[in-house]
Amino acid sequence: MAQQIIFYAFSALVIAAAAMVIVLRNPVHAVLCLVVAFFASAGLWMLLEAEFLAITLVLVYVGAVMVLFMFVVMMLDINLAVLREGFARYVPVALVFAALMMVSLALVVGPKHFGLALFAAPLAHAADYNNTQALGRALFSQFLLPFEAAAVVLLVAIIAAIALTLRPSRQTKAPKPELQVQVQRNDRVRLIKDMDAEGTP
Amino acid sequence: MIALLAAQLSFLPAPVVTVLMILLKILIIVLPLMGCVAYTTLVERKVIGYMQVRIGPNRVTLLGLNFLRGWGQPIADAVKLMTKEIVIPDGANRFLFLAAPVVALAPALAAWAVVPFGGELTLTNINAGLLYILALTSLSVYGIIIAGWASNSKYAFLGAMRSAAQIVSYEIAMGFALVGVLTAAGSLNLGDIVEAQRGSVLHWYWLPLFPLCLIYFISGVAETNRAPFDVSEGESEIVAGFHVEYAGMAFALFFLAEYANMILISALTAVLFFGGWLSPLPTFLGELPVIGTLLGDGIHWFVFKTAFFLFCFLWFRATFPRYRYDQIMRLGWKVFLPITIVWIVLTGAAVVWHLPPWFAHA
């Protein structure tokens, strides 16, 4: 009973927040609603006893990805008037595409393939069930090769992102701490005339 | 004691009793925590005062007792902040402006749910405790960026941007330091991590994971925006950073969040690297009659270790000049990150080869 109340509360929250992401005009508000949607879906995953996935969703998406999203969206100077221009003109085309997408979605994830008859409610695990351990076992034994392949893809993406933004030819005046700490007295002070170390001629 | 109370309430439906008991436990944790936060502000001013050869707050006494000079200061501060007007700047986003302090405080308090105070003393003992802590501390940045944006002020916005970039950067080093701990302990459960350090002072993880321990604590200082990493407040260049437009209780909530986070980082350093509630003294001393309770394992050791690391926060603030912004980024990405990665590999090797005495059991 309590579980059902929690489930419906979180589901309503996900749907409401997701709708707000599209409807709200202010992009910062939209991003914050997306954060709420992620948070609520993490709650749903928690109900499925998938605590590792739920916490990782909060950690990675809410804690890192969406922060950078906010970062970018707040810096943008978005002119809403320009964005809304021509909205009425494109409505018919948009409606056609929206209808097409709805139909294809209904065909793919409709009751025929994902109905309740095909997916029975998952059995509750024993109290000592450890989702993190179970996932780790599966990833590092059964699915080792796909897991490693995904890791390599991510590594390539990281290196590509760095390579795309790295501009070594740019003339910067940035200080180089590794050179700064090696500076000796003789590099900075030049003695003129005949002066000893105290500065008296 | 809580079980006894629950038995007294058995005339109520069972779920109601459960919820009441959980609320009671939360109060038992949060009220002393808020007290600690209030008095940390006094301790901070006193400690920094003495380090700078001043006396610090000494006007407000408690109950008219002369030897408690200064002890009433946190209460006076709280009354002042609560009765001040909350000014909402022109053009600010009203809802987000008022929501931001709450968003900042909530994760700082929620993270305490899994902290083990003693052997069985914890609100919840969950499997993924370490992960939960990491997820919740990563949320603390939202309060700051929402505050900076909603204030409709350039100083506040600059502070928020600095802080967001800094927290996201240091979170990575912090996360990697924690990966080292969980590899060593073989568990994400904070209670199990403490138990894995049982033995003596030399069995605690500060020794085999020394670089990770240092990096975790320094990243913690950076995460909480404390000196010498407090560029998001940088009063010399951006006035007070993200909370420049806040006054009264809204401002006080940011302070509560910052201090609650400081205490949390200190407590976690104690739990993850310094054996939590374990006693540093030899075991036979803990078996002595009467005095054994004091010398053996117990919550007092956890409190003592936490207090020591909290003192370090204040010590740093009185000692170090503020880092320049590019130096902060360099330290996080180019120094801490490579060290943690190398040490994780070494820890992994040590665990695989059961390096005694720390990893023999693994």
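Below, read A as the first sequence line, B as the second, and so on, with proteins coming before strands; counting in each chain starts at 1.
Side chains of N93(B) and N152(B): no donor on one and acceptor on the other come within 3.5 Å. Using a 3.5 Å distance cut-off with no hydrogens or angles, the side chains of E245(B) and S153(B) do pair a donor with an acceptor.
F336(B) and F176(B) have their aromatic ring centers separated by at least 6.0 angstrom.
Interface check for chain B: of the options L68(A), L32(A), V60(A), N131(A), the most heavy-atom pairs under 4.5 Å are formed by L32(A). Of all the listed residues (L57(A), V58(A), V28(A)), the one sharing the greatest number of non-hydrogen pairs under 4.5 Å with chain B is V28(A). Top candidate by heavy-atom pairs under 4.5 Å with chain B, chosen from T56(A), T132(A), V67(A), is V67(A).
In this structure, chain A has no heavy atom under 4.5 Å from any part of F95(B). Heavy atoms of A160(B) lying under 4.5 Å from chain A are absent altogether. Contacts of Q327(B) with chain A are absent, with no heavy-atom separation under 4.5 Å from either backbone or side chain. Proximity to chain A is absent for every atom of I126(B), based on heavy atoms less than 4.5 angstrom apart. Only the side chain of M70(A) comes within less than 4.5 Å of a heavy atom in chain B; its backbone stays farther off. Within the 4.5 angstrom heavy-atom criterion, only side-chain atoms of L188(B), from C-beta onward, approach chain A.
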- Given side-chain contact (heavy atoms from CB on, under 4.5 Å), test V35(A) with F38(A) step by step and report yes or no. CA-CA 5 Å; V35(A) 169; F38(A) 278 136; 5.6 Å; no

- Working for side-chain contact (heavy atoms from CB on, under 4.5 Å), residues S140(B) and N261(B): CA-CA 9 Å; S140(B) 59; N261(B) 271 326; 4.1 Å; yes

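Ring pair Y246(B)/F254(B) is perpendicular by interplanar angle, where above 60° counts as perpendicular and below 30° as parallel.
With contacts defined as side-chain heavy-atom distances shorter than 4.5 Å, the pair V141(B)/E223(B) does not qualify.
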